[in-house]
Visitor: 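Okay, here's the structure, questions in a sec.
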Number of protein chains: 2
Amino acid sequence: MRIGELARRVGVSTRALRYYEQRGLIRSRRSANGYREYDESDVRIVTEIRELMSVGFTLEDARPFVDCLRSGHPSGGSCPESVAVYRRKLAEIDREIRDLLARRSEVAAQFADACPGCLLRRGES
Amino acid sequence: MRIGELARRVGVSTRALRYYEQRGLIRSRRSANGYREYDESDVRIVTEIRELMSVGFTLEDARPFVDCLRSGHPSGGSCPESVAVYRRKLAEIDREIRDLLARRSEVAAQFADACPGCLLRRGES
DNA sequence: CTTGACCTTGTCACCGGCGTCAAGCTTTAC
DNA sequence: GTAAAGCTTGACGCCGGTGACAAGGTCAAG
């Protein structure tokens, strides 16, 4: 299939697909006229990329998953490199949550300091 | 005082101060040679900006606080506009925390799905 | 007079993931 | 035959908050 069909099937722009190719995440054969040609395995790969991105992974994060799929694994997340990324992302998210909680209380403290009573009226902690 | 001294006193780069001026957050008189001139009130304003930024406010978020200080209030956070920003930021942070928690469980679920047993060994929830 | 510290404006670069246009080719449908 | 749709590469723009550099003007000390 050509780029437009792949884009439609996965629900992504052709621009994004060309970008993924430029970053080396997907590949394409070229037909005689220069058009990119894809097959079913590319649908799988791009779907995996989008799933990962939908939960906050970057394209680089997705790379090991793509490699894992290409090497024949039925799941992109079962290779050691992918597992390492999973663990790293979980740790990252945990850190971000901790940072946000800390920031929240700092903001609430500044708020309470600058405007005593403002928070209480809303029942904030 | 000139820009270098203000920068040193608040602990911010001169580049940042010029940027704040360009964005209309601080102002400066110019001495005969074209140098920017500041006074104590500017120290207060820039300090307020940095405090807000340190807890994740953008420059635009800081604008009402600066206006509040300029209008003579002893605290930048006591004006209605500032209070609105505080509330908005708290709501924003709360939303981000919720999103992160949701993402965390999605990642954990994908992980568990792709690599059964990987998470359990770490005692993750 | 010169050095060096300080000031000026202006510009490019960064990071991620594209959107969007430009200018031109191919293919398909009528 | 032609218009529309689809494809190609290339390049700029965005967002925020600077860092870093260029190419100069200014001022005090030696």
Side-chain angles (χ1 to χ4, degrees), chain A residues 1-39 42 45-66 85 88-89 92-93 96 99 103, chain B residues 1-39 42 45-66 85 88-89 92-93 96 99 103:
Chain A
M1 82 199 74
R2 294 178 308 189
I3 197 168
E5 188 180 343
L6 177 57
R8 238 172 289 118
R9 286 185 55 183
V10 183
V12 65
S13 69
T14 59
R15 177 68 180 88
L17 292 177
R18 292 194 192 95
Y19 181 64
Y20 299 163
E21 178 170 322
Q22 188 193 334
R23 308 305 320 263
L25 280 147
I26 59 179
R27 296 168 199 159
S28 58
R29 283 166 291 112
R30 297 302 181 108
S31 43
N33 54 20
Y35 286 10
R36 288 172 176 82
E37 273 297 328
Y38 301 95
D39 55 32
D42 295 308
I45 288 174
V46 178
T47 301
E48 179 94 5
I49 293 174
R50 297 308 301 201
E51 272 180 30
L52 292 169
M53 293 188 69
S54 77
V55 292
F57 283 47
T58 68
L59 281 182
E60 281 314 304
D61 292 332
R63 195 180 294 276
F65 292 78
V66 172
V85 173
R88 184 167 53 73
K89 292 308 271 189
E92 248 178 60
I93 293 173
E96 286 176 40
D99 288 353
R103 276 179 41 196
Chain B
M1 82 200 72
R2 292 179 308 189
I3 197 168
E5 189 182 342
L6 177 58
R8 238 172 290 116
R9 287 187 54 183
V10 183
V12 65
S13 68
T14 59
R15 177 72 180 85
L17 291 177
R18 292 194 193 96
Y19 182 63
Y20 299 163
E21 178 170 323
Q22 189 192 335
R23 307 304 315 268
L25 281 145
I26 59 178
R27 297 168 199 158
S28 58
R29 283 168 289 111
R30 297 301 181 109
S31 43
N33 53 19
Y35 287 10
R36 289 172 176 82
E37 272 298 327
Y38 302 97
D39 55 31
D42 296 308
I45 288 175
V46 178
T47 302
E48 179 94 6
I49 292 173
R50 298 308 301 201
E51 272 180 30
L52 292 168
M53 292 187 70
S54 77
V55 292
F57 284 47
T58 68
L59 280 183
E60 282 314 306
D61 292 331
R63 196 180 294 276
F65 293 77
V66 173
V85 172
R88 184 166 54 72
K89 291 308 271 189
E92 247 179 62
I93 292 173
E96 285 176 42
D99 288 354
R103 276 179 41 195

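Per chain, numbering begins at 1; letters A, B, ... match sequence-line order.
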Visitor: When the distance from CG of Leu17(B) to P of dT8(C) is rounded to whole Å, what number comes out?
Guide: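 After rounding, the gap between these two atoms is 10 Å.
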Visitor: Considering only heavy atoms from C-beta outward, does the side chain of Asp39(A) approach that of Arg29(A) to under 4.5 Å?
Guide: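 In short, these two side chains touch, coming nearer than 4.5 Å.
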Visitor: When you compare the side chain of Thr14(A) with that of Arg18(A), does any pair of heavy atoms fall below 4.5 Å?
Guide: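 Result yes, sub-4.5 Å side-chain heavy-atom pair found.
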Visitor: Testing the basics here: between Asp61(A) and Phe65(A), what is the closest heavy-atom pair and its distance to 0.1 Å?
Guide: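 Reported closest heavy-atom pair: O-CD1, 3.4 Å.
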Visitor: Could you state the OH-C1' distance from Tyr35(A) to dC25(C), rounded to the nearest angstrom?
Guide: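 Distance check: Tyr35(A) OH to dC25(C) C1' gives 7 Å.
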Visitor: Give the rounded distance in Å between these two atoms: CG of Leu25(B) and P of dT18(D).
Guide: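 Whole-Å distance recorded here is 11 Å.
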Visitor: What I want to find out is whether Arg2(B) reaches Glu5(B) closely enough, with some N-O distance under 4.0 Å, to be called a salt bridge.
Guide: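 Not counted as a salt bridge, because no side-chain N and carboxylate O are separated by less than 4.0 Å.
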Visitor: Check the distance between dG17(C)'s P and Glu21(A)'s CD and give it to me in whole angstrom.
Guide: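 Whole-Å distance recorded here is 17 Å.
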Visitor: At under 4.0 Å, does any side-chain N or O of Thr14(A) touch on OP1 or OP2 of dG6(D)?
Guide: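 Negative; the distance criterion is not met.
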Visitor: Calculate the interatomic distance between Leu6(B) atom CG and dC6(C) atom P; express it in whole Å.
Guide: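 Going from CG in Leu6(B) over to P in dC6(C) covers 15 Å.
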Visitor: Of all the nucleotides listed (dG19(D), dT8(D), dT27(C)), which has the minimum atom distance to the side chain of Asn33(A)?
Guide: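 Nearest listed nucleotide: dT27(C).
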Visitor: Give the rounded distance in Å between these two atoms: CZ of Arg18(A) and P of dC7(D).
Guide: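 My rounded result for the distance is 7 Å.
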Visitor: CE of Met1(A) versus C1' of dC7(D): gap in Å, rounded?
Guide: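 Taking atom C1' of dC7(D) as the reference, CE of Met1(A) is at 16 Å.
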Visitor: Which whole-number value in Å describes the distance from Ile3(A) CD1 to dT8(D) P?
Guide: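 Spelled out: CD1 on Ile3(A) to P on dT8(D) is 5 Å.
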Visitor: Scan nucleotides 11-17 of chain D against the protein and return all N/O pairs shorter than 3.5 Å with their distances rounded to 0.1 Å.
Guide:
{"residue": "dG17(D)", "atom": "OP1", "partner": "Leu59(B)", "partner atom": "N", "Å": "3.2"}

Visitor: Are the side chains of Arg30(B) and Arg36(B) in touch, meaning some heavy atoms are under 4.5 Å apart?
Guide: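 Touching, per the 4.5 Å side-chain cut-off.
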Visitor: Could you tell me whether the side chains of Tyr19(B) and Arg15(B) share a donor-acceptor contact shorter than 3.5 Å?
Guide: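 No donor-acceptor contact under 3.5 Å links the two side chains.
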Visitor: Can you give me the closest heavy-atom contact between Ile45(A) and Leu25(A), atom names plus distance?
Guide: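 Answer, listing the atom of Ile45(A) first, then Leu25(A): CG2-O, 4.3 Å.
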Visitor: Counting just side-chain N and O atoms, does Arg36(B) come under 4.0 Å of either OP1 or OP2 of dT8(C)?
Guide: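 Arg36(B) to dT8(C) OP1/OP2: side-chain N or O found under 4.0 Å.
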